[in-house]
Enquirer: 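For reference, the structure I am asking about is given below.
Values in this document were obtained by computation on a predicted structure and should not be read as measured data. We number each residue from 1, following the sequence as shown.
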Amino acid sequence: MARVESFVGGPWSLPWSPSACALARTAIRDVLPRWGLGQLVPIAELLVSELVSNALRHAAGPLRLTLERVSDVRCLVSDGSSRPPRPTEAGPADEHGRGLTLVDMLAARWGCEHGPVGKSVWFELHADPDTPDLEGRGAREGREATWMGETCLDGLDIAKGDRTWEAT
């Protein structure tokens with residue numbers, strides 16, 4: 001069995017504004033390809049957007065994002081509220097209420113952990129390169145992402161092992 005190195009990205013403080021979703025997606029697009037997991041970017045972007053949106057809508061600050069990789073990828077969105085997330089039953093005409101259902105359907109696992117201040121809602125995605133993407137294709141079917149240079153994360157820095165990339 002191949003040994004998987006452990007990596008951590010963040011934690012990054014996110015602004016308490018709708019731009020937090022875009023910054024979280026940028027971090028996903030920047031970090032996962034560096035970890036050789038570019039095939040997980042579309043699903044991870046969708047799920048991190050849902051968790052950040054939920055925090056903005058139902059919780060209180062501060063808002064933080066952390067990415068972890070051991071054997072799978074774990075994405076944590078932390079906020080200052082101790083109130084756990086509650087999945088809801090959304091009707092056909094409802095504009096909201098489907099986010100945690102998407103997380104439950106697409107993530108390998110998800111949950112909530114309480115900390116000294118607030119909570120972290122997290123999801124995990126399998127890091128197996130044969131894990132299908134949103135279109136049902138695995139990474140070995142031509143879906144490998146390539147790294148095209150550093151992405152500006154508006155002051156957020158990304159840690160990989162003992163090396164840190166500074167946003168410019």
Enquirer: Does Arg69 reach the main-chain N or O of Trp35 with its side chain, forming a donor-acceptor pair under 3.5 Å?
Expert: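 The answer is yes, because a donor-acceptor pair under 3.5 Å joins these two groups.
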
Enquirer: With rounding to the nearest 0.5 angstrom, report the SG to CD1 distance, Cys75 to Ile43.
Expert: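 The SG atom of Cys75 sits 13.0 Å away from the CD1 atom of Ile43.
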
Enquirer: Flag yes if Leu23 and Leu51 sit in one hydrophobic cluster, no otherwise; membership is Ile, Leu, Val, Met, Phe, Trp, Tyr, and two members link when side-chain heavy atoms are under 4.5 Å apart.
Expert: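 Yes; Leu51 is reachable from Leu23 via cluster members.
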
Enquirer: Would you give the length of the straight line joining atom SG of Cys112 to atom CH2 of Trp122, rounded to the nearest 0.5 angstrom?
Expert: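 Reported value, rounded in 0.5 Å steps: 10.0 Å.
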
Enquirer: Between Asp72 (side chain) and Ala127 (backbone), is there a donor-acceptor pair under 3.5 Å?
Expert: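 Between the backbone of Ala127 and the side chain of Asp72 there is a qualifying donor-acceptor contact (under 3.5 Å).
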
Enquirer: For a 4.5 angstrom cut-off between non-hydrogen side-chain atoms, does Leu125 reach Leu47?
Expert: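 Of all side-chain heavy-atom pairs linking Leu47 with Leu125, at least one is under 4.5 Å.
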
Enquirer: Using the rule that Ile, Leu, Val, Met, Phe, Trp and Tyr join whenever any side-chain heavy atoms are under 4.5 Å apart, tell me whether Leu76 and Leu63 fall into a single cluster.
Expert: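 Different hydrophobic clusters.
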
Enquirer: With the 4.5 Å side-chain cut-off for hydrophobic clustering, are Trp12 and Leu56 part of the same group?
Expert: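 In one cluster: yes.
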
Enquirer: Below 4.5 Å, heavy atoms only, C-beta onward: do Phe123 and Glu50 meet side chain to side chain?
Expert: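 A side-chain contact under 4.5 Å is absent here.
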
Enquirer: For Arg83, is there any backbone N or O sitting under 3.5 Å from a side-chain donor or acceptor partner on Lys119?
Expert: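 Yes; judged by distance alone, with no hydrogens or angles, the pair exists.
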
Enquirer: Is there a side-chain contact between Val41 and Gln39 in this structure, where contact means two heavy atoms from C-beta onward sitting under 4.5 Å apart?
Expert: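 Val41 does not reach Gln39 side chain to side chain.
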
Enquirer: I want to check something: taking the side chain as every heavy atom from C-beta on, are Pro11 and Leu65 in contact at a cut-off of under 4.5 Å?
Expert: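 Counting from C-beta outward, Pro11 and Leu65 never come under 4.5 Å.
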
Enquirer: At their closest point, which heavy atom of His126 faces which heavy atom of Ala108, and how far apart are they?
Expert: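 For His126 versus Ala108, the nearest heavy atoms are NE2-CB, 3.3 Å.
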
Enquirer: Side chains of Arg86 and Pro84: does their closest heavy-atom pair fall under 4.5 Å?
Expert: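 The answer is no, as the side chains (C-beta and beyond) never meet within the 4.5 Å cut-off.
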
Enquirer: Judged by atom type as modelled, is there a donor-acceptor pair below 3.5 Å linking the side chain of Arg57 to the main-chain atoms of Val52?
Expert: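 The answer is no, because no donor-acceptor pair under 3.5 Å joins these two groups.
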
Enquirer: I need the Asp104 CG to Arg109 CZ distance, nearest 0.5 Å.
Expert: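 Going from the CG atom of Asp104 to the CZ atom of Arg109 covers 12.5 Å.
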
Enquirer: With side-chain contact (heavy atoms from CB on, under 4.5 Å) as the test, pick out the partner of Leu67 among Val31, Asp30, Leu37.
Expert: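 For Leu67, the side-chain contact (heavy atoms from CB on, under 4.5 Å) test succeeds with only one of Val31, Asp30, Leu37, which is Val31.
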
Enquirer: Is Pro85 close to Trp110 at the side-chain level, that is, under 4.5 Å between some pair of heavy atoms?
Expert: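 Result yes, sub-4.5 Å side-chain heavy-atom pair found.
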
Enquirer: Is Arg25 close to Val48 at the side-chain level, that is, under 4.5 Å between some pair of heavy atoms?
Expert: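 Contact flag for Val48/Arg25 side chains = yes.
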
Enquirer: In Å, rounded to the nearest 0.5 Å, how long is the span from SG of Cys21 to CD of Glu45?
Expert: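 Cys21 atom SG to Glu45 atom CD measures 11.5 Å (nearest 0.5 Å).
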
Enquirer: Are any of the side-chain nitrogens in Glu113 or Arg74 under 4.0 Å away from the carboxylate oxygens of its partner?
Expert: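 Answer for the salt bridge query: yes.
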
Enquirer: With heavy-atom distances below 4.5 Å as the criterion, would you say the side chains of Asn54 and Leu100 are in contact?
Expert: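 Asn54 vs Leu100: side chains touch.
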
Enquirer: Applying the 4.5 Å side-chain criterion to the ILVMFWY set and letting contacts propagate, would Leu46 and Val77 be lumped into a single cluster?
Expert: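 Per the 4.5 Å side-chain linkage, Leu46 and Val77 are co-clustered.
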
Enquirer: With sequence neighbours excluded, tell me which residues meet side chain to side chain contact (heavy atoms under 4.5 Å, CB included) with Ser82.
Expert: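 With neighbours one apart ignored, the set is His114.
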
